[in-house]
Protein chains: 2
Amino acid sequence: MSVTIKDIARLAGVSHTTVSRALNDSPLINEKTKDRIRAIAEEMDYTPNFSAKSLVLDRSYNLGLFFTTLSKGTSAGFFYDAIRGVNSVIQDRYQLIVKGIDDYTSFHSITRKSFDGIIVVSQSDEDQPLIDHAADKGIPLVVLNRPVDTVGVLNVLSDEEQGAFQATSYLIRQGHRNMALIEGRVGFKSAQNRKEGFERALAHHGITLKPSHRFPGLYDLESGYKAMQQFLMLEDRPTAVFCCNDEMALGAMKAISEAGLQVPGDISVIGFDDTVFAAYVTPALTTVRRPIEQISKEGAIRLLGNIENKQYATEQVLLKTELIVRESVHPLQLTGEEG
Amino acid sequence: MSVTIKDIARLAGVSHTTVSRALNDSPLINEKTKDRIRAIAEEMDYTPNFSAKSLVLDRSYNLGLFFTTLSKGTSAGFFYDAIRGVNSVIQDRYQLIVKGIDDYTSFHSITRKSFDGIIVVSQSDEDQPLIDHAADKGIPLVVLNRPVDTVGVLNVLSDEEQGAFQATSYLIRQGHRNMALIEGRVGFKSAQNRKEGFERALAHHGITLKPSHRFPGLYDLESGYKAMQQFLMLEDRPTAVFCCNDEMALGAMKAISEAGLQVPGDISVIGFDDTVFAAYVTPALTTVRRPIEQISKEGAIRLLGNIENKQYATEQVLLKTELIVRESVHPLQLTGEEG
DNA sequence: ATGACTATTGTTAACGTGTGCATAACATGG
DNA sequence: CCATGTTATGCACACGTTAACAATAGTCAT
């Protein structure tokens with residue numbers, strides 16, 4: 001079996017208590033004794049048993065990273081960036097446990113004992129029961145990516161409504177009036193925020209959107225493709241399409257080129273997220289950058305602070321989005337009565 | 001504090017042993033007693049303390065999912081598919097702990113106590129020390145995506161050499177002779193396998209590749225772009241380019257279109273992986289599909305079997321790749337002396 | 001009625017670690 | 001020389017769970 005502090009104690013001719021203290025660098029122990037014990041531990045290749053530590057210290061050394069779902073509707077880039085961001089912060093102090101919220105049939109097993117803290121990358125209101133559960137159990141908690149007002153819960157996100165507003169305003173400044181909207185997945189908060197930013201920009205300029213010019217997408221390539229096919233059959237075909245993410249924008253561009261039309265010559269396309277491939281499709285996609293990795297880093301840092309200081313600071317951190325202008329939007333020649 | 005079996009025992013008027021047995025559905029306990037205890041446990045919202053269980057049962061309920069790196073060189077789609085595949089298998093029996101191997105400064109903390117099993121999604125020979133360490137410690141282990149011959153280690157992967165061979169043969173059948181190769185990241189086994197498949201196909205047809213017609217890529221969009229820029233400056237510009245993954249293929253296509261040339265009219269491009277966006281770029285990318293999600297599922301299933309049956313079956317499972325023909329390869333008019 | 005057997009429950013120790021309290025050795029000050 | 005303080009260590013218990021080994025009561029066959 002594996003080496004324990006008792007084995008070390010026997011070899012060093014001290015009590016296991018002394019070994020425990022020595023290895024935890026307690027000031028109670030003589031420096032020479034510490035060194036001797038450390039040397040023996042090293043030589044015996046001692047590794048602390050984390051189950052035992054957890055039991056007595058009441059800490060699991062686990063951090064939960066929960067996504068709304070691991071199956072559909074989460075884009076790979078988003079997922080990857082989020083994990084990378086968190087991982088870069090926690091180093092080897094914690095184990096990172098990745099879960100899909102929709103994998104749980106019951107939250108019963110989620111307790112203070114099993115998680116020292118939880119990071120919820122929330123895409124939907126439907127995550128609220130989990131968030132409430134965790135908050136209720138008193139587990140330190142940070143919610144990323146979606147605004148939340150549960151008390152005692154940290155919240156880090158980007159201002160997507162504002163980003164969509166900016167992007168749409170840009171389309172309008174380029175002369176577009178007849179626009180279309182490919183929405184995100186129903187129930188996803190981001191879908192709603194982006195839609196609202198889009199609509200606010202239209203309203204701001206007194207433009208109205210016909211029901212025929214909106215389509216409920218699923219955040220995937222295929223739904224963007226299908227949406228665009230619909231738009232292409234309209235009599236008053238839009239001159240510009242706002243897509244609620246880059247994947248759908250790519251799908252839309254595919255439909256346009258298959259119809260023998262050009263982006264942006266015939267139709268302008270704008271995306272959201274600034275996925276890695278956005279700069280490399282042809283034409284390069286104009287889109288809104290959202291600092292996912294930064295959000296998750298920021299969230300992880302604050303969560304760790306919260307866990308270790310035991311001070312529950314509720315605050316919402318709002319990071320800026322940024323419009324990245326590339327080639328997929330074309331200025332429109334205005335036909336006359338323009339103000 | 002939280003409810004323990006002793007609390008339940010007190011309320012039920014039995015010993016805590018009886019409660020433990022009842023909740024584990026031991027045949028030793030009277031059915032009526034079991035029901036009564038279960039009811040009380042339910043009502044008190046009892047959750048077992050996993051640290052305590054782990055300590056006495058010598059099982060951590062943790063499964064490690066290790067990637068070569070979480071920083072650079074792992075594509076988002078690959079990462080996402082791998083996690084999804086494993087996650088779909090383990091359900092709620094284990095916690096999935098995601099790690100980058102290059103995050104470790106020492107493997108010291110990786111023991112039988114901390115992981116019931118480990119899945120290594122290995123992209124490089126440099127992972128070997130970790131694999132050896134885990135095998136040495138007797139941790140049930142499965143290595144995905146890279147061939148490995150350590151004894152007692154499960155191994156699931158796809159035959160990438162064969163996939164590359166097929167894809168290249170297809171290019172040759174379409175009449176291409178002047179080809180170029182954008183290689184994968186140095187040190188990544190997949191890069192080597194794909195290159196070898198490519199070279200075998202060339203050798204099979206007596207075609208030689210000039211040094212100027214190969215470029216070491218990094219598996220990312222940018223390196224594909226740069227590689228293609230190099231090729232475009234050559235006097236004997238290739239008519240077809242084999243890219244070791246789809247990202248680099250997309251980068252290459254970008255460079256081609258920026259140079260005012262057409263894919264596949266002027267230059268044919270072929271990729272590898274069949275990433276989600278491959279079908280949606282324009283032109284749609286011809287590529288080799290690799291069943292990543294299936295590989296990870298298969299690996300996870302076998303690993304769980306191994307953990308639970310304690311039978312160490314060493315076997316290598318090789319899954320097939322598949323050539324997906326789309327639009328990015330054009331048949332070449334042959335100029336005469338062809339056999 | 002006695003011993004053996006079965007069904008059910010309890011007693012006690014164990015897993016590996018950390019900690020409050022006691023203890024011993026030794027120094028310090030008056 | 002004694003009271004007090006300081007430093008270094010050990011003892012015993014605790015954390016929540018499982019399991020080997022009693023123990024008890026009831027049943028059955030002889």
Side-chain angles (χ1 to χ4, degrees), chain A residues 1-38 40-41 44-62 95 108-116 137, chain B residues 1-38 40-41 44-62 95 108-116 137:
Chain A
M1 294 307 296
S2 39
V3 183
T4 74
I5 52 171
K6 292 191 182 177
D7 299 325
I8 300 177
R10 208 170 304 126
L11 229 83
V14 296
S15 74
H16 76 276
T17 308
T18 301
V19 175
S20 169
R21 290 198 180 111
L23 295 178
N24 288 319
D25 201 21
S26 154
L28 291 175
I29 303 295
N30 186 300
E31 280 302 329
K32 283 188 178 173
T33 320
K34 277 189 200 173
D35 285 344
R36 195 161 51 91
I37 291 176
R38 285 200 201 102
I40 297 176
M44 296 182 81
D45 193 30
Y46 167 76
T47 320
N49 182 320
F50 269 78
S51 301
K53 280 181 93 111
S54 295
L55 182 58
V56 61
L57 293 180
D58 204 23
R59 304 188 48 200
S60 64
Y61 299 96
N62 287 338
Q95 312 244 46
H108 191 245
S109 64
I110 302 173
T111 68
R112 285 192 82 140
K113 307 277 183 187
S114 48
F115 295 100
D116 286 349
K137 293 269 183 179
Chain B
M1 295 303 297
S2 39
V3 183
T4 74
I5 53 172
K6 293 193 181 174
D7 299 324
I8 300 177
R10 209 171 302 125
L11 230 82
V14 297
S15 76
H16 72 276
T17 309
T18 302
V19 175
S20 170
R21 291 196 180 113
L23 295 179
N24 287 318
D25 201 19
S26 154
L28 292 175
I29 304 295
N30 186 299
E31 281 301 328
K32 282 189 180 172
T33 320
K34 278 189 199 173
D35 285 343
R36 196 160 51 91
I37 290 175
R38 285 199 202 103
I40 296 177
M44 296 181 81
D45 193 30
Y46 167 75
T47 320
N49 182 319
F50 269 78
S51 301
K53 279 180 94 116
S54 294
L55 182 57
V56 62
L57 293 180
D58 204 23
R59 305 188 46 202
S60 64
Y61 299 97
N62 287 340
Q95 312 244 46
H108 191 244
S109 65
I110 302 174
T111 68
R112 285 193 83 140
K113 307 277 183 185
S114 48
F115 294 100
D116 287 348
K137 292 269 181 179

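Keep in mind it's a predicted model, so treat the numbers as computed, not measured. So that the names make sense, note that chain A is the first sequence line, chain B the second, and so on, each numbered from 1.
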**Q** Could you give the distance from OG (Ser109(B)) to CZ (Phe50(A)), rounded to the nearest 0.5 Å?
**A** 7.0 Å

**Q** Does the dG20(C) base have a donor-acceptor partner in the side chain of Arg21(A) within less than 3.5 Å?
**A**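 Flag set: donor-acceptor pair detected.
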
**Q** The side chain of Lys6(A) lies closest to which of these nucleotides: dT17(C), dT9(D), dG16(D)?
**A**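 The listed nucleotide nearest to Lys6(A)'s side chain is dT17(C).
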
**Q** Could you tell me how far apart Leu57(A) (CG) and dC15(C) (C1') are, to the nearest whole angstrom?
**A**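 Distance, rounded to whole Å: 16 Å.
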
**Q** For the pair made of CG in Leu23(B) and P in dT18(D), what is the distance, rounded to whole Å?
**A**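 To the nearest whole Å, that distance equals 8 Å.
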
**Q** Please determine whether any donor N or O and acceptor N or O are separated by less than 3.5 Å between the side chain of His16(B) and the base of dT9(C).
**A**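 Check fails, no donor-acceptor contact within cut-off.
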
**Q** When the distance from CD1 of Ile37(A) to C1' of dA8(D) is rounded to whole Å, what number comes out?
**A**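 Computing the Ile37(A):CD1 to dA8(D):C1' distance gives 11 Å.
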
**Q** In whole angstrom, what separates Ile29(A)'s CD1 from dG10(D)'s P?
**A** 8 Å

**Q** Out of dT17(C), dT9(D), dG16(D), which has the shortest distance to the side chain of Leu55(A)?
**A** dG16(D)

**Q** Nearest to the side chain of Asn30(A), heavy atoms from C-beta on, is which of dG18(C), dA8(D), dT17(D)?
**A**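 Minimum distance to the Asn30(A) side chain belongs to dA8(D).
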
**Q** Is the side chain of Asp116(A) donor-acceptor paired with the backbone N or O of Tyr61(A) at a distance under 3.5 Å, no angle test?
**A** yes

**Q** Identify whether the distance between the nearest side-chain nitrogen and carboxylate oxygen of Asp35(A) and Lys32(A) falls below 4.0 Å.
**A** no

**Q** Could you give the CZ-to-C1' distance, from Arg10(A) to dT9(D), as a whole number of Å?
**A**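 It is 18 Å, rounded to the nearest whole Å.
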
**Q** Distance check, rounded to the nearest 0.5 Å: Ile8(A) atom CD1 versus Thr18(A) atom OG1?
**A**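 Answer rounded to 0.5 Å: 12.0 Å.
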
**Q** So, does the side chain of Thr17(A) form a donor-acceptor pair with the base of dT19(C) at under 3.5 Å?
**A**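 Side chain to base: pair found, below 3.5 Å.
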
**Q** How about His16(B) and Asp7(B): does a side-chain donor come under 3.5 Å of a side-chain acceptor?
**A** no

**Q** Distance check needed: dT18(D) C1' versus Tyr61(B) OH, whole Å only.
**A**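 My rounded result for the distance is 10 Å.
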
**Q** Report the nucleotide, chosen from dT17(C), dT9(C), dT17(D), that has the shortest atom-to-atom distance to any side-chain atom of Asn49(B).
**A**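 Ranking dT17(C), dT9(C), dT17(D) by closest atom to the Asn49(B) side chain puts dT17(D) first.
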
**Q** So which one's nearest nucleotide on DNA chain C is more toward 5', Leu28(A) or Asn24(A)?
**A**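 Checking each residue's closest nucleotide, the 5'-ward one belongs to Asn24(A).
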
**Q** Which nucleotide in the set dG18(C), dT9(D), dT17(D) lies at the smallest distance from any side-chain heavy atom of Val56(B)?
**A**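 Looking only at side-chain atoms, Val56(B) lies closest to dT17(D).
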
**Q** Roughly how many Å is it from CG in Asp25(A) to P in dA8(D), rounded to a whole number?
**A** 13 Å

